Amino acid sequence: MSEPASPPTHAIVRLASVDSTQRVAFELAEQGAADGTVVVADTQTAGRGRRGRVWHDAPGDSLLVSIVVRPRLDVSDLPKLSIAAAVSVAEALAAATGLDVRLKWPNDVLVHRRKLAGILLESRILVEPIVVVGIGINLRQRAFPAALVGAATSVDLEGGRAIGREELLEVVLEAFDRWRRRLEGEGFAALRARWLALADTIGRTVTVGEHEGLAIDLAEDGALVLRRADGVQRVLAGEVTASRPG
Ligand code: BTN
């Protein structure tokens with residue numbers, strides 16, 4: 001934890017088509033790009049999702065953004081930046097579209113239990129750690145590839161207020177700067193409380209890898225806390241693959 005820094009200004013690199021904004025953001029960071037540098041694209045040909053998956057988009061339908069972060073955090077706290085990003089995207093989307101946006105542990109952004117936005121946090125240690133926070137938000141899609149039907153949604157499909165990509169980018173960056181500053185300056189408590197208030201996962205019986213239990217809390221280190229018949233289990237990483245009312 002350290003003193004709050006002044007908010008980063010955002011140099012924004014806008015691209016029509018790119019393999020992945022994550023790749024470009026790391027390349028720029030390695031060349032010395034400033035904290036807060038942003039890469040946005042209209043479409044990606046090899047968008048990266050969590051756990052090695054592909055992130056699908058159709059040109060112009062999504063907000064696709066990567067933010068270079070030169071963090072003022074201990075390395076062990078870097079994953080909390082993905083919680084900061086998830087809360088920021090949820091708040092920005094709720095304010096801009098009026099939708100009832102919820103969070104699935106650790107950082108999926110849902111409406112009616114369907115995924116509206118995803119967050120990918122990648123880090124590299126160069127001379128100092130560099131984090132790139134990738135955010136993909138589905139705005140105008142009216143249909144998804146077969147594998148995503150029932151699992152993915154968009155602002156348009158949910159009947160949210162239409163918002164332009166530039167306008168939404170501004171709101172997302174403003175929220176992320178604010179939560180990031182709080183995390184770096186004050187620690188995790190306020191962010192954790194806000195995540196819990198937005199969580200869809202808490203109070204549901206969930207499966208994460210080989211673990212199953214009632215999700216009861218987000219721990220101080222970002223772990224999901226499960227209550228099971230044989231005690232309490234902390235799950236540090238993974239994906240909720242099934243969930244039902246607790
Ligand atoms: C997830 O799997 O939920 C995370 C998806 C993250 C997608 C975004 S789109 C902008 C940035 N560039 C990428 O290649 N991935 C992230």
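Since the structure is predicted, the reported quantities are computational estimates derived from the model, not experimental observations.
- No more than 12 heavy atoms of other residues, nucleotides or ligands shown are found within 6.0 angstrom of NE2 on H112.
- Using a 4.5 Å heavy-atom threshold, the side chains of L63 and I135 count as separate.
- Scanning for salt bridge (Lys or Arg N to Asp or Glu O under 4.0 Å) contacts around E158 gives an empty result, with sequence neighbours left out.
- Under the side-chain hydrogen bond (donor to acceptor under 3.5 Å, both in side chains) test applied with E239, the options R53, R51, K104 reduce to a single match, R53.
- Counted within 6.0 Å of CD on Q31, heavy atoms from surrounding residues, nucleotides or ligands total more than 12; the atom is thus considered enclosed.
- Counting heavy atoms from C-beta on, the side chains of D35 and V69 come closer than 4.5 Å.
- R48 and D19 are not joined by a salt bridge, as no carboxylate oxygen comes within less than 4.0 angstrom of a charged side-chain nitrogen.
- The two residues L121 and L78 come nearest to each other via the heavy atoms CD2-O, 3.9 Å.
- Heavy-atom minimum distance, A96 versus I163: CB-CD1, 3.3 Å.
- For R227, the CZ atom sits in a loose shell: 12 or fewer heavy atoms of surrounding residues, nucleotides or ligands are nearer than 6.0 Å.
- A side-chain donor from one of Q44 and T21 sits under 3.5 Å from a side-chain acceptor of the other.
- The closest side-chain heavy-atom distance from D42 to S17 is not below 4.5 Å.
- When the shell of 6.0 Å around CD of E170 is examined, it contains 12 or fewer heavy atoms from other residues, nucleotides or ligands.
- The side-chain hydrogen bond (donor to acceptor under 3.5 Å, both in side chains) contacts involving residues 195-206 comprise R113-D200, R204-S243, where partners must be two or more places apart or lie in separate chains.
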